[in-house]
Asker: 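Next up is a structure, given as structure tokens.
Heavy atoms only: backbone and side chains are in, while hydrogens, waters and symmetry mates are out.
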Amino acid sequence: MSIPTPDLLSPAIQPPSAETMMANSIITQPTALEALEHYKKKDASKVVVRFKAIGSAPIMKNNVFKATAGHKFQAVILFLRQQLGMKKEEALFTYINAAFAPAPDDTVGNLYKCFGTEGHLIVNYSNTQAWG
């Protein structure tokens, strides 16, 4: 069994005291109220949304629009229904990048940050289920 060789060239590392750790967490972490206020702020920036029809879905004449980043994806779905002249009871399936169906409560900005392609958020739509 070998004994570890002590490191004589490096200074000894002192573990931080409880007071130092508490002071650091107070300085770096926002209070709950500040975090809540930051979360409540709406992102007013715009995201370019490009709609692409799949299958037998009607094709839009103009398929590029701007949406507010702070809006829920549900607003995009309602807008798309309006543009296509669809009724509420008619089926409409939406997908991001022809890969997955986003939750209606996802924000447009968050979807764009995670899945934006070439400066656009590509939303595929269909009147029948296209992908899982």
Asker: Any idea which heavy atoms bring Ala57 and Ser126 closest together, and the distance?
Answerer: CB-CA, 3.9 Å

Asker: Would you check if the side chain of Tyr112 reaches a backbone N or O of Lys46 as a donor-acceptor pair within less than 3.5 Å?
Answerer: no

Asker: Might you point out which heavy atoms bring Pro58 and Ala53 nearest each other, and give the distance in Å?
Answerer: O-CB, 3.8 Å

Asker: Taking a hydrophobic cluster as the set of Ile, Leu, Val, Met, Phe, Trp and Tyr residues connected by side-chain heavy atoms closer than 4.5 Å, whether directly or through intermediates, do Leu84 and Leu121 fall within one such cluster?
Answerer: yes

Asker: May I have the list of side-chain donor-acceptor pairs in residues 98-110 shorter than 3.5 Å, sequence neighbours left out?
Answerer:
residue, atom, partner, partner atom, Å
Asp106, OD2, Ala103, N, 3.4
Thr107, OG1, Asn110, N, 3.2

Asker: Could you walk me through whether Gln83 and Phe65 pass the side-chain contact (heavy atoms from CB on, under 4.5 Å) check?
Answerer: CA-CA 11 Å; Gln83 291 295 308; Phe65 297 91; 3.9 Å; yes

Asker: Name every donor-acceptor pair, under 3.5 Å, that has one atom in a side chain of residues 74-82 and the other anywhere in the protein, sequence neighbours excluded.
Answerer:
residue, atom, partner, partner atom, Å
Arg81, NH1, Lys87, O, 2.8
Arg81, NH1, Glu90, O, 3.0
Arg81, NH2, Glu90, O, 3.0

Asker: Does Phe115 offer a backbone N or O that forms a donor-acceptor pair with the side chain of Asn97 under 3.5 Å?
Answerer: yes

Asker: Suppose the criterion is side-chain hydrogen bond (donor to acceptor under 3.5 Å, both in side chains): which pairs have a residue in residues 48-57, not counting sequence neighbours?
Answerer: Arg50-His120, Ser56-Asn127

Asker: Evaluate Val64 against Val49 for side-chain contact (heavy atoms from CB on, under 4.5 Å), listing each step before the verdict.
Answerer: CA-CA 6 Å; Val64 179; Val49 179; over 6 Å; no

Asker: Backbone N or O of Gly70 within a donor-acceptor pair of the Thr68 side chain at under 3.5 Å?
Answerer: no

Asker: To the nearest 0.5 Å, what is the distance between OH (Tyr95) and CD1 (Ile54)?
Answerer: 6.5 Å

Asker: For the CD1 atom of Ile96 and the CZ atom of Phe73, what is their distance to the nearest 0.5 Å?
Answerer: 4.0 Å

Asker: If Ile, Leu, Val, Met, Phe, Trp and Tyr residues are connected whenever their side-chain heavy atoms lie under 4.5 Å apart, and connections chain through other members, are Phe93 and Phe51 in the same group?
Answerer: no

